[in-house]
Amino acid sequence: MRCVRYVLLAILLAACGGSQATLQPRAGGSGGAGGGGGSGGAAGAPVDASSREVSFASAAADSFLHVGTLQIPAHVEGERLPAVIFAHGSGPNDRDETLRGQLGMSFGRDIPVFAELGDALQDAGFVVLRFDKRSCGPFNGCADNGYAPTDPDAVTIDTFVEDVEGGLAFLASQPEVDAERLFFVGHSKGASYAPRLLTDHPQLRAGVMLAAPFVTIDRALVQQAEKLEEILVATGASEAQIDAALADVRAIAADVTALHEGTFAGTRIGGLPVAYWNSWLRLGEEAPALAAALDRPLLVLSGGYDWNVPQAETEAWAAHFGERSPHETRIVPCVTHALNCIDNPDWMKIRPGDIGAHVDPAVIEELLSFLAARR
């Protein structure tokens, strides 16, 4: 049975929302905001790898209290280690960033993107902070974390960036962390935070932009609508069926385009206030120039099987950076938006065994190689 389902997934750049699984405390004890659960034993003694539940306040005006997992690698007591913080794509996402597909395609399985990347980084000697996004809580079945819903009219893209900034401050305060060796890894929309964060926070040594769009969100939405149309045409859908399936996607793309052009007269698009979309447009507009001006490196990595953010976006980043840039770009041919690999190049003939159940090893290798060289 074919494993491709032509369903209209989230319009935004994330493939789907967070996991509905209950998040249980990890091994290694509990440490609240500001630390706790630190390593014990005599000075210079070896300390086993561990994880602990933590909480930290956003740098946003509402000081939203996030919860997450702090992963500590094996180390020597008193040693200060490099540390990484993750930022999710759009939509509600848990700390594992559990993805079930990409635009127009369901995998039939969960890919815990951040959990697998976090484990690899922990094994490589990095402290890792993964947290539940403020939009992921019991109110939408995304995570059992005690979050209360926030007012959508009070949240913009800037708010999510400030959430990461709160996490960075928390990381820097941890007894196992070298505050001068912090790194950022963002996925999809979250990848677009990297140029701003590295510009504003000199302690960030480098950033990784996974499946990072180069174009602004209005153009990205148009591209996604066109991709969905291409899929539907290939599967034999009639023009009427295509129009019905894509009506909402096209309407939102048209409205955001009009907003960018200054001709939109409404107050909301897709149920979200125009302030949210304006902040997203600003993020996309500023990212290329900020990235080009950075004196610390970025890695832009994507997959050739990504239907949300096609590889042409990474190629655009490479062209923008030029040959003398400190930044690097990589494209892994078989990798999807969820960073797993699909072995069959013919998407019309995909079978369950063709779809990778984990983040592809090539992605992990590229990530570790880039960060290890700068730790």
Visitor: Are the charged groups of R130 and D94 less than 4.0 angstrom apart, N to O?
Guide: no
Visitor: Is S279 reaching over with its side chain to a backbone N or O of I157, donor-acceptor style, under 3.5 angstrom?
Guide: yes
Visitor: Looking at R196 and D158, is any side-chain nitrogen of the basic one under 4.0 Å from a carboxylate oxygen of the acidic one?
Guide: yes
Visitor: D132 side chain to H66 main-chain N or O, any donor-acceptor pair under 3.5 Å?
Guide: no
Visitor: Which pair of non-hydrogen atoms, one from A357 and one from E116, has the smallest distance, and what is that distance?
Guide: O-OE2, 4.2 Å
Visitor: For the pair R250 and E229, evaluate salt bridge (charged side-chain N to carboxylate O under 4.0 Å, His left out) and give the outcome as yes or no after the intermediate values.
Guide: CA-CA 10 Å; R250 289 169 171 169; E229 181 176 0; 3.3 Å; yes
Visitor: Please report the closest heavy-atom contact between A172 and L182, naming both atoms and the distance.
Guide: CB-CD1, 4.3 Å
Visitor: Tell me whether N93 contacts the main-chain N or O of H88 through its side chain, where contact means a donor paired with an acceptor under 3.5 Å.
Guide: no
Visitor: Mind jotting down which residue pairs meet the side-chain hydrogen bond (donor to acceptor under 3.5 Å, both in side chains) criterion with at least one end in residues 199-210? Sequence neighbours excluded, please.
Guide: E165-H201
Visitor: Using 4.0 Å as the upper bound for N to carboxylate O, is an ion pair formed by E285 and R282?
Guide: no
Visitor: Quick one: do the Q311 and D306 side chains pair a donor with an acceptor below 3.5 Å?
Guide: no
Visitor: When you group the ILVMFWY residues by side-chain heavy-atom contacts below 4.5 Å and let the links chain together, are V113 and L368 in the same group?
Guide: yes
Visitor: Looking only at heavy atoms, what is the nearest atom pair of A362 and V332, with distance?
Guide: CB-CG1, 4.0 Å
Visitor: Less than 4.5 Å apart, any side-chain heavy atom of L259 and any of V274?
Guide: yes
Visitor: Find the distance between CG (L272) and OG1 (T267) and round it off to the nearest 0.5 Å.
Guide: 11.5 Å
Visitor: Grab the two heavy atoms, one from R109 and one from I355, that are nearest each other, plus how far apart they are.
Guide: NH1-O, 2.9 Å
Visitor: Using a 3.5 Å distance criterion without hydrogens, assess whether the side chain of H337 forms a donor-acceptor pair with backbone atoms of N308.
Guide: no
Visitor: Taking side chain as C-beta onward, heavy atoms only, is L117 less than 4.5 Å from L339?
Guide: yes
Visitor: In plain terms, say whether E176 and R52 are close enough for a salt bridge, that is, a side-chain N and a carboxylate O under 4.0 Å apart.
Guide: yes
Visitor: Can you name the closest pair of heavy atoms from I269 and W277 and give their distance?
Guide: O-NE1, 2.9 Å
Visitor: Check whether E79 reaches the backbone of V76 with its side chain - one donor and one acceptor, N or O, closer than 3.5 Å.
Guide: yes
Visitor: Taking G356's backbone N and O only, do any of them form a donor-acceptor pair with N340's side chain (distance below 3.5 Å, no angle check)?
Guide: yes
Visitor: Do you know the tightest heavy-atom contact between R95 and F114?
Guide: O-CB, 3.4 Å
Visitor: Which salt bridge (Lys or Arg N to Asp or Glu O under 4.0 Å) pairs, counting each pair once, include a residue from residues 364-375, with sequence neighbours left out?
Guide: E328-R374, R330-E366
Visitor: Are any non-hydrogen side-chain atoms of V215 and Q223 less than 4.5 angstrom apart?
Guide: yes
Visitor: With heavy-atom distances below 4.5 Å as the criterion, would you say the side chains of V300 and V208 are in contact?
Guide: no
Visitor: Salt bridge between R351 and D343, side-chain N to carboxylate O under 4.0 Å?
Guide: no
Visitor: Do T98 and D96 meet the criterion of a side-chain donor-acceptor pair at a distance under 3.5 Å?
Guide: no
Visitor: Taking only residues two or more places apart in sequence or in another chain, which ones pass salt bridge (Lys or Arg N to Asp or Glu O under 4.0 Å) with D153?
Guide: R268
Visitor: Are V67 and I85 linked, directly or through intermediate hydrophobic residues, by side-chain heavy-atom contacts shorter than 4.5 Å (ILVMFWY only)?
Guide: no
Visitor: Working to the nearest 0.5 Å, report the span between CH2 of W307 and CE of M105.
Guide: 3.5 Å
Visitor: We want to know whether E53 and T69 form a side-chain donor-acceptor pair, criterion being a heavy-atom distance below 3.5 angstrom.
Guide: yes
Visitor: Can you confirm whether or not the ring centre of F184 sits under 6.0 Å from the ring centre of F86?
Guide: no
